[in-house]
Amino acid sequence: MASEKVESVIAGNYLEMEREGEEDNSNCNNSVRNKLSNFFWHGGSVYDAWFSCSSNQVAQVLLTLPYSFSQLGMLSGIIFQLFYGLMGSWTAYLISVLYVEYRTRKEREKVDFRNHVIQWFEVLDGLLGKHWRNIGLFFNCTFLLFGSVIQLIACASNIYYINDNLDKRTWTYIFGACCATTVFIPSFHNYRIWSFAGLLMTTYTAWYLTIASLLNGQVEGVKHSGPTTLVLYFTGATNILYTFGGHAVTVEIMHAMWKPQKFKVIYLIATIYVLTLTLPSASAVYWAFGDALLTHSNALALLPKTRFRDAAVILMLIHQVFITFGFACTPLYFVWEKFIRVHETKSLFKRAMARLPVVIPIWFLAIIFPFFGPINSTVGSLLVSFTVYIIPALAHMLTFASPSARENAVEQPPSFLGRWVGLYCTNIFVVAWVFIVGFGFGGWASMVNFVHQINTFGLFTKCYQCPPHTA
């Protein structure tokens with residue numbers, strides 16, 4: 001954090017400010033070491049934010065979307081991806097507006113955020129009060145906790161397709177230790193090189209899935225019978241809801257930017273790029289393997305072992321351990337730091353050591369519930385539906401409920417949306433749809449499927465969906 005810049009707001013306009021004392025070190029900044037450090041480590045541009053959003057939005061979900069297509073059918077799978085991609089971009093826009101509104105108000109009051117990372121629950125607290133803060137804190141932390149669990153489960157699931165000498169539970173122990181290294185990355189401001197590399201990794205994996213499936217062709221006797229039951233249909237739909245609900249870290253990504261007011265369209269552009277990866281890969285894998293995906297939630301399980309598949313597995317492992325796990329867990333680190341009052345300390349080592357207890361419950365939960373695929377849908381319906389869809393839409397409507405709040409808003413709704421009337425109509429639709437379809441039907445279907453996995457495989461299972469001789 002020591003070299004971060006901060007935005008100071010004057011009448012709603014962001015002005016770039018340097019950290020105190022940076023001018024005194026101007027000569028040092030010309031050194032090769034500092035230039036390399038700035039290039040690889042200190043990212044706060046719109047490009048860094050785009051890389052962060054794009055690389056974080058898809059990781060292990062690339063491997064479970066074909067499973068969702070087998071539950072939904074090809075047409076519904078494509079429609080739901082487009083629909084939830086647009087809806088996710090909308091609520092990310094709402095969160096960005098609320099962040100700018102909150103930060104503007106606070107910095108007009110001379111509040112200094114140069115050594116403090118603003119988080120979503122603090123935005124809710126500042127705009128709507130402590131009750132909304134508590135609701136936001138509960139849902140956001142719980143979602144990020146299980147989001148981290150999912151990444152750890154995915155690591156064990158993926159490595160098994162390269163080395164099956166160890167069962168998946170043992171691999172979970174090993175990768176839990178690897179994921180703990182993310183405690184040393186101070187903030188999203190320092191993910192520049194990882195976000196860029198992560199996007200290359202997911203891009204390779206997506207196109208590998210697409211090309212390998214097309215080259216492999218349809219397996220003998222392939223069937224595309226989905227959807228067959230309402231449980232499978234809504235389970236698949238909520239997995240896609242989870243896919244485009246990765247903006248639980250939107251506020252932290254915005255805070256890492258030099259000019260966070262430029263974030264408004266970044267998530268939409270990132271979503272469009274992600275769709276160029278997810279639509280071809282999920283469609284191609286489902287076309288090739290059909291109903292076989294219903295019992296293979298990880299798409300890599302059905303593709304033949306080649307050096308290209310091994311490369312995809314390794315790249316996804318690196319992405320999940322050092323990028324996606326870090327993105328999901330870093331906001332939890334911040335919350336814990338603030339709780340034990342070490343968030344503003346300048347000692348990187350002290351903060352890293354203070355963060356370690358956060359990893360332990362994640363590790364434990366990944367061992368209890370190793371259900372790769374079904375857990376995505378459960379988290380999507382019960383947590384993502386509120387965290388990144390319902391709460392932002394409700395919070396935005398309540399924040400600007402009064403005429404004076406709308407008149408004095410830092411950012412006015414664009415005219416092509418129908419100004420405030422169009423914005424409120426859209427928000428009401430989002431809340432109603434996600435509550436009824438995502439949380440209601442999706443929650444019911446996901447829990448039925450999740451309980452079925454527990455009854456079939458049991459808790460603490462050593463090797464979920466492994467061949468019989470290793471289970």
Would you please name every residue forming a ring-ring contact (aromatic ring centres under 6.0 Å, His included) with [X], sequence neighbours left out?
X: Tyr204; result: none
X: Phe146; result: none
X: Phe339; result: Trp336
X: Tyr47; result: none

Residue set satisfying side chain to side chain donor-acceptor pair (under 3.5 Å) with Asn140, at least two apart, ordered chain then number -> none
Taking side chain to side chain donor-acceptor pair (under 3.5 Å) as the test, write out the residues that go with Asn427, two or more places apart. Trp90
Any donor-acceptor pair under 3.5 Å linking the side-chain atoms of Thr182 with those of Tyr333? yes
With sequence neighbours left out, write down each residue that passes salt bridge (charged side-chain N to carboxylate O under 4.0 Å, His left out) with Lys305, or none if nothing qualifies. Asp310
With Lys350 via salt bridge (charged side-chain N to carboxylate O under 4.0 Å, His left out) - residues at least two apart: none
Output yes when a side-chain donor or acceptor of [X] lies under 3.5 Å from a complementary backbone atom of [Y], and no otherwise.
X: Ser195; Y: Arg192; result: no
X: His343; Y: Val117; result: yes
X: Glu101; Y: Val410; result: yes

Decide yes or no for [X] and [Y]: does some side-chain heavy atom of the first lie under 4.5 Å from some side-chain heavy atom of the second?
X: Thr205; Y: His319; result: no
X: Ile150; Y: Tyr242; result: yes
X: Tyr389; Y: Val384; result: yes
X: Phe139; Y: Phe143; result: no
X: Leu300; Y: Tyr208; result: yes
X: Val251; Y: Ile118; result: yes

Determine the interplanar angle of the Phe327 and Tyr191 rings, folded into 0 to 90°, and report it as parallel if under 30°, tilted if 30 to 60°, perpendicular if over 60°. tilted
Closest heavy-atom contact between Phe322 and Thr181? CE2-OG1, 3.4 Å
So, taking the atom named [atom1] in [X] and the one named [atom2] in [Y], what distance separates them when rounded to the nearest 0.5 Å?
X: Gln119; Y: Asp125; atom1: CD; atom2: CG; result: 12.0 Å
X: Cys155; Y: Ile174; atom1: SG; atom2: CD1; result: 11.5 Å
X: Ser283; Y: Phe69; atom1: OG; atom2: CZ; result: 4.0 Å
X: His189; Y: Ser52; atom1: NE2; atom2: OG; result: 11.0 Å
X: Ile95; Y: Met254; atom1: CD1; atom2: CE; result: 9.5 Å
X: Asn190; Y: Phe188; atom1: CG; atom2: CZ; result: 10.5 Å

Evaluation steps, ring-ring contact (aromatic ring centres under 6.0 Å, His included), between Tyr67 and His296: CA-CA 7 Å; Tyr67 168 67; His296 296 81; over 10 Å; no
Can Glu122 and Arg103 be counted as an ion pair, charged N to O under 4.0 angstrom? no
Can you tell whether the side chains of Lys264 and Glu411 come within less than 4.0 Å, N to carboxylate O? yes
Run the side-chain contact (heavy atoms from CB on, under 4.5 Å) test against Leu214 and tell me which residues pass, sequence neighbours left out. Thr210, Ala284, Trp287
Listed by chain and number, what are the side-chain contact (heavy atoms from CB on, under 4.5 Å) partners of Ser54, not counting sequence neighbours? Trp50, Leu199, Ala270
Can you spot which of Ser381, Ser446, Ser385, Ser68 makes a side chain to side chain donor-acceptor pair (under 3.5 Å) with Thr238? Ser446
Run Ser89 and Thr271 through side chain to side chain donor-acceptor pair (under 3.5 Å) and show every step you take. CA-CA 7 Å; Ser89 299; Thr271 298; 3.2 Å; yes
Show your reasoning for whether side chain to side chain donor-acceptor pair (under 3.5 Å) applies to Ser213 and Asn216. CA-CA 5 Å; Ser213 298; Asn216 185 78; over 6 Å; no
Just distance, no hydrogens or angles: give the donor-acceptor pairs under 3.5 Å from side chains in residues 73-85, sequence neighbours left out.
residue	atom	partner	partner atom	Å
Ser76	OG	Tyr233	OH	3.1
Gln81	OE1	Thr278	OG1	2.5
Tyr84	OH	Trp433	NE1	3.2

Throw together a table of side-chain donor-acceptor distances under 3.5 angstrom for residues 352-365, partners on residues two or more places apart or in other chains.
residue	atom	partner	partner atom	Å
Arg355	NE	Glu337	OE2	2.5
Arg355	NH1	Val183	O	3.0
Arg355	NH1	Ile185	O	2.8
Arg355	NH2	Pro186	O	2.7
Arg355	NH2	Glu337	OE2	3.0
Trp363	NE1	Thr172	O	3.3
Trp363	NE1	Tyr173	O	3.3

Can you name the one residue among Leu315, Leu277, Val58, Thr276 that meets side chain to side chain contact (heavy atoms under 4.5 Å, CB included) with Thr203? Leu277
